[in-house]
Amino acid sequence: MANSLRGEVLNLYKNLLYLGRDYPKGADYFKRRLKNVFLKNKDVKDPEKIKELIERGEFVMKELEALYFLRKYRAMKQRYYSDIDKTK
């Protein structure tokens with residue numbers, strides 16, 4: 001694996017680990033799954049395949065961020081708009 005791709009993979013792992021702290025099933029669950037996925041693909045040598053895996057990891061990051069924003073939005077909506085719904 002080229003050094004630039006290695007750095008990208010490590011950065012992706014760190015970012016996913018950081019995002020996994022708030023995972024609904026728990027940080028430990030997320031950390032175990034993340035480690036298993038990265039270990040499963042540790043022997044990949046083809047740069048094109050590595051790039052595909054990095055893109056997939058970035059997609060997962062975006063999905064996690066969307067999940068967290070949606071959860072935050074729902075909590076705020078419930079907190080601030082629950083009184084309006086009850087008056088109708």
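Each residue takes its place number in the sequence, starting with 1. Just so it is clear, the structure is predicted and the values come from calculations on it, not from any experiment.
- Between Tyr23 and Tyr68, the shortest heavy-atom distance links the atoms N-OH, 3.3 Å.
- With a 4.5 Å cut-off on side-chain heavy atoms, Lys49 and Asn41 do not count as touching.
- Residues satisfying the side-chain hydrogen bond (donor to acceptor under 3.5 Å, both in side chains) criterion with Arg71, sequence neighbours excluded, are absent altogether.
- With rounding to the nearest 0.5 Å, the separation of CG in Leu19 from NZ in Lys62 is 12.5 Å.
- We find the CD-CD distance between Glu65 and Glu63 to be 10.0 Å, quoted to the nearest 0.5 Å.
- One N or O on the side chain of Asn15 and one on the backbone of Asn11 form a donor-acceptor pair closer than 3.5 Å.
- The line from CG of Leu10 to CG of Leu5 is 11.0 Å long, rounded to the nearest 0.5 Å.
- Taking the ring centre of Tyr29 as origin, the terminal cationic atom of Arg32 falls outside the region bounded by 6.0 Å and 45° from the ring axis.
- Between atom CG of residue Asn36 and atom CZ of residue Phe38 there is a gap of 11.5 Å, rounded to the nearest 0.5 Å.
- Heavy-atom minimum distance, Phe30 versus Leu16: CE2-O, 3.1 Å.
- In the hydrophobic clustering of this structure, Val37 does not group with Leu53; members are Ile, Leu, Val, Met, Phe, Trp, Tyr whose side-chain heavy atoms approach within less than 4.5 Å, directly or through other members.
- Note that NZ of Lys77 is 10.0 Å distant from CG of Leu70, once rounded to the nearest 0.5 Å.
- Summarising the geometry, atom CD belonging to Glu55 is positioned 9.0 Å from atom NZ belonging to Lys51; distances are rounded to the nearest 0.5 Å.
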Checklist entry - Run the side-chain contact (heavy atoms from CB on, under 4.5 Å) check on Leu12 and Met61 step by step: do they pass? => result CA-CA 9 Å; Leu12 177 66; Met61 269 182 28; 3.7 Å; yes
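- Looking only at side-chain heavy atoms (C-beta outward), Ile54 and Glu58 come within less than 4.5 Å of each other.
- A continuous path of ILVMFWY side-chain contacts below 4.5 Å connects Val60 to Val9, so both sit in one hydrophobic cluster.
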